There are 2 protein chains.
Amino acid sequence: MVTDQQHKPTESELEILQILWDKGNCTVREVHEILTLEKEAGYTTTLKLMQIMHEKGLVKRDTSAKTHIYTAIVNQQKTQEQLVTKLIDNAFNGSAARLVMQALGNHQSSKDEIEAIKEYLDKLEKQQ
Amino acid sequence: MVTDQQHKPTESELEILQILWDKGNCTVREVHEILTLEKEAGYTTTLKLMQIMHEKGLVKRDTSAKTHIYTAIVNQQKTQEQLVTKLIDNAFNGSAARLVMQALGNHQSSKDEIEAIKEYLDKLEKQQ
DNA sequence: TTGGTTATACGAATATTTTCGTACATTCGT
DNA sequence: ACGAATGTACGAAAATATTCGTATAACCAA
């Protein structure tokens with residue numbers, strides 16, 4: 001068993017990570033406030049989750065003041081990569097292209113975004 | 001609460017669904033054999049999972065013979081869409097484009113696949 | 001200073017998912 | 001015909017993930 005591999009975040013943890021990635025540093029209160037825009041949750045539930053994330057090494061925290069400040073440790077890119085890989089593997093028979101088309105087909109992208117993707121594809125082709 | 005929405009498959013269930021989507025019809029034994037190429041698992045574990053999937057309405061089965069034959073009921077496309085949407089939402093701040101680039105960047109795609117994606121993008125642009 | 005508000009810690013209840021043992025029925029080869 | 005192999009059913013343990021109540025400490029405003 002590989003030991004130094006990143007703990008895979010659960011769904012709830014991912015929700016929190018997103019907020020931390022976005023904001024940088026947050027108190028539990030701030031995270032909780034944002035979370036409860038979308039769904040019902042008790043404050044201590046959020047607190048507990050973040051404490052567990054700390055135990056797992058997903059986040060670090062500054063406890064020098066009464067109100068602790070949390071920051072994501074796990075890298076957003078790396079985590080996204082992990083999740084995408086898993087999904088490709090798990091639901092798209094290993095074909096990234098199929099996932100890409102599925103994603104593009106069902107989600108509105110702006111002209112700019114589409115252009116960006118095309119450029120990216122050109123670059124990939126040249127690399128090959 | 002919405003009642004007629006598809007039950008979201010768990011990870012283990014998804015592994016099994018993939019096999020069923022691929023093969024069409026399968027016995028528990030067949031599914032189990034394929035599963036255990038990748039990971040350790042007891043036969044009755046696989047059996048139980050498939051029985052649960054049946055209860056949940058993810059699969060149907062023909063029980064006319066001793067050895068039951070299972071078939072996926074849930075649609076592959078729809079399930080993929082559901083999962084992709086969730087991931088975009090959950091880890092990519094709602095940006096499909098970002099997921100797409102992540103997927104393309106880290107997973108080898110053939111020239112043909114890249115071409116297919118490009119064509120697809122052209123079509124999307126024209127639609128806009 | 002004192003009471004209300006806002007924190008953290010933490011155990012424990014719930015819920016969900018995964019795993020497996022055991023009982024029992026059917027089938028098949030010899 | 002009968003024992004081994006193979007199948008299903010099902011309860012329940014184990015592993016994970018989620019939720020929350022309660023104790024207690026720190027802070028702040030009057």
Side-chain angles (χ1 to χ4, degrees), chain A residues 1 5-20 25-36 38-71 74 79 82-83 86 90-91, chain B residues 1 5-20 25-71 74 79 83 86 90-91:
Chain A
M1 176 138 179
Q5 124 190 278
Q6 197 174 92
H7 232 114
K8 183 186 146 223
T10 69
E11 249 173 58
S12 303
E13 289 168 349
L14 199 56
E15 288 176 340
I16 291 173
L17 279 177
Q18 277 224 97
I19 295 170
L20 292 178
N25 303 320
C26 280
T27 64
V28 173
R29 175 69 54 194
E30 285 164 346
V31 169
H32 184 247
E33 225 102 85
I34 295 175
L35 276 184
T36 46
E38 301 246 315
K39 68 164 186 182
E40 199 71 14
Y43 174 79
T44 54
T45 301
T46 305
L47 171 64
K48 180 68 167 184
L49 276 172
M50 293 176 75
Q51 285 171 340
I52 290 172
M53 291 170 77
H54 181 248
E55 279 171 27
K56 290 192 187 172
L58 295 170
V59 301
K60 65 184 178 190
R61 61 182 183 182
D62 175 352
T63 59
S64 58
K66 182 200 171 195
T67 302
H68 299 175
I69 309 289
Y70 285 76
T71 314
V74 291
T79 304
Q82 198 182 292
L83 292 168
K86 178 155 210 113
N90 236 15
Chain B
M1 175 136 173
Q5 119 190 286
Q6 197 175 91
H7 231 113
K8 182 187 144 224
T10 68
E11 247 172 60
S12 303
E13 288 168 349
L14 199 55
E15 287 175 339
I16 291 172
L17 279 176
Q18 276 224 97
I19 295 170
L20 292 177
N25 304 317
C26 281
T27 63
V28 174
R29 175 69 54 191
E30 286 164 345
V31 169
H32 183 247
E33 225 103 85
I34 295 174
L35 277 184
T36 46
L37 292 177
E38 301 247 315
K39 67 164 186 182
E40 200 70 14
Y43 175 79
T44 55
T45 301
T46 306
L47 170 65
K48 181 67 166 187
L49 276 172
M50 292 177 76
Q51 287 171 340
I52 290 172
M53 290 170 79
H54 183 247
E55 279 170 26
K56 289 192 188 171
L58 296 170
V59 300
K60 66 185 178 191
R61 62 182 181 180
D62 175 354
T63 59
S64 60
K66 182 200 170 194
T67 303
H68 301 173
I69 309 289
Y70 285 76
T71 314
V74 292
T79 304
L83 293 167
K86 178 157 208 108
N90 236 15

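Computed from a predicted model, the values in this text were never measured in an experiment. A note on names: the letters A, B, ... follow the listed sequences, proteins ahead of strands, and every chain is numbered from 1.
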Could you please spell out the steps behind the side chain to side chain contact (heavy atoms under 4.5 Å, CB included) verdict for Met53(A) and Tyr70(A)?
-> CA-CA 10 Å; Met53(A) 291 170 77; Tyr70(A) 285 76; over 6 Å; no

Which pair of heavy atoms, one from Leu14(A) and one from Asn90(B), lies closest together, and at what distance?
->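 Smallest interatomic distance, heavy atoms only, reads CG-O, 3.6 Å.
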
Taking every non-hydrogen atom, the tightest pair across Thr10(A) and Lys56(A) |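 For Thr10(A) versus Lys56(A), the nearest heavy atoms are CG2-NZ, 4.1 Å.
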
Whether [X] contacts [N] is assessed here as follows: a side-chain N or O lying under 4.0 Å from the phosphate OP1 or OP2. Is that the case?
X        : N       : answer
Arg61(A) : dA9(C)  : yes
Ser12(A) : dA17(D) : no
Thr67(A) : dT8(C)  : no
Gln51(A) : dA9(C)  : yes
Arg29(B) : dG7(D)  : yes

Which whole-number value in Å describes the distance from [X] [atom1] to [N] [atom2]?
X        : N       : atom1 : atom2 : answer
Leu47(B) : dT17(C) : CG    : P     : 19 Å
Met53(A) : dT18(D) : CE    : P     : 11 Å
Glu33(B) : dG7(D)  : CD    : P     : 9 Å
His32(B) : dC20(C) : NE2   : P     : 9 Å
Leu49(A) : dC10(C) : CG    : C1'   : 14 Å
Lys39(A) : dA17(D) : NZ    : C1'   : 11 Å
Asp62(B) : dG7(D)  : CG    : P     : 15 Å
Leu35(B) : dT19(C) : CG    : P     : 10 Å

Taking the side chain as every heavy atom from C-beta outward, state whether Pro9(A) and Val74(A) have any pair of such atoms under 4.5 Å apart.
->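 They are not in contact (no side-chain heavy atoms under 4.5 Å apart), so the answer is no.
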
Taking the minimum atom-to-atom distance to the side chain of [X], which one of [options] wins?
X        : options                  : value
Lys66(A) : dT18(D), dA25(D), dT8(D) : dA25(D)
Tyr43(A) : dT18(C), dA7(C), dA9(C)  : dA7(C)
Ile52(B) : dA17(D), dT18(C), dA9(D) : dT18(C)

Show the numbers, then the answer: is there a side chain to side chain contact (heavy atoms under 4.5 Å, CB included) between Arg61(B) and Ile69(B)?
-> CA-CA 5 Å; Arg61(B) 62 182 181 180; Ile69(B) 309 289; over 6 Å; no

Which part of the nucleic acid, if any, lies within contact of Glu13(A), taking any heavy atom under 4.0 Å across all strands shown: a base, the sugar-phosphate backbone alone, or nothing?
->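 It contacts nothing in the nucleic acid.
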
Taking only Lys NZ, Arg NE, NH1 and NH2, and the carboxylate oxygens of Asp or Glu, determine whether Glu13(A) and Lys8(A) approach each other closer than 4.0 Å.
->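 Looking at Glu13(A) and Lys8(A), the cut-off is not met.
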
Most 5' of Ala65(A) and Lys56(A) on DNA chain D, judged by nearest nucleotide =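 By nearest-heavy-atom nucleotide position, the 5'-most residue is Lys56(A).
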
Met50(A) and side-chain contact (heavy atoms from CB on, under 4.5 Å): which partner among Thr27(A), Val59(A), Val28(A)?
->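 Result for side-chain contact (heavy atoms from CB on, under 4.5 Å) with Met50(A): Val28(A).
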
His32(B) side chain vs Ala41(B) backbone, donor-acceptor pair below 3.5 Å =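 Flag set: sc His32(B) to bb Ala41(B) pair under 3.5 Å.
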
Atom pairs, protein N/O to nucleotides 20-24 of chain D N/O, distance under 3.5 Å:
{"unit_1": "dC20(D)", "atom_1": "OP2", "unit_2": "Gly42(A)", "atom_2": "N", "d": "3.3"}
{"unit_1": "dC20(D)", "atom_1": "OP2", "unit_2": "Thr45(A)", "atom_2": "OG1", "d": "3.4"}

